[in-house]
Amino acid sequence: MVLSEKDRLDKLHFYSEMFIKHKFKKINELTRTIDQKYHLELGQSLRDIRDLLAHVKGISYLILIFLLKI
């Protein structure tokens with residue numbers, strides 16, 4: 001499924017907020033929590049994040065990497 005630019009930005013915003021809110025959780029723990037909380041297929045949020053990383057370029061990519069390391 002190909003996302004529109006708006007949908008991609010919405011997902012980027014959602015995951016950025018989740019990383020900030022849960023900055024002490026490891027990525028795999030956080031994505032498992034998101035999958036369970038939002039009734040997603042196990043691993044869906046991790047795939048979403050990987051897809052976002054594949055599409056994000058320049059400064060946005062650097063900001064996302066920074067948020068992932070917090």
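We use all heavy atoms of the structure for the numbers below, so side chains are in, but hydrogens, waters and symmetry mates are not.
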- Task: Using salt bridge (Lys or Arg N to Asp or Glu O under 4.0 Å) as the criterion, list what pairs up with Arg47, not counting sequence neighbours.
- Result: Glu41
- Message: Could you work out, with side chain to side chain donor-acceptor pair (under 3.5 Å) as the rule, every residue matching Glu29, not counting sequence neighbours?
- Response: none
- When clusters are formed by joining ILVMFWY residues with side-chain heavy atoms under 4.5 Å apart, either directly or through shared neighbours, do Ile27 and Leu42 land in the same one? no
- Donor-acceptor contact below 3.5 Å, side chain Asp35 vs main chain Leu40: no
- Query: Hey, does the side chain of Ser45 reach the backbone of Thr31 with a donor-acceptor pair shorter than 3.5 angstrom?
  - Reply: yes
- Note on the structure: In this structure, CG of Asp7 is separated from CZ of Phe14 (nearest 0.5 Å) by 14.0 Å
- Query: Of all residues at least two apart in sequence or in a different chain, which pass the side chain to side chain donor-acceptor pair (under 3.5 Å) check with Lys6?
  - Reply: Asp10
- Query: Taking only residues two or more places apart in sequence, or in another chain, which ones meet Asp48 in a side chain to side chain donor-acceptor pair (under 3.5 Å)?
  - Reply: Lys11, Tyr15, Gln44
- Message: Suppose we screen for side-chain contact (heavy atoms from CB on, under 4.5 Å). Which residues come up paired with Leu30, at least two apart in sequence or across chains?
- Response: Met18, Phe19, His22, Lys25, Ile34
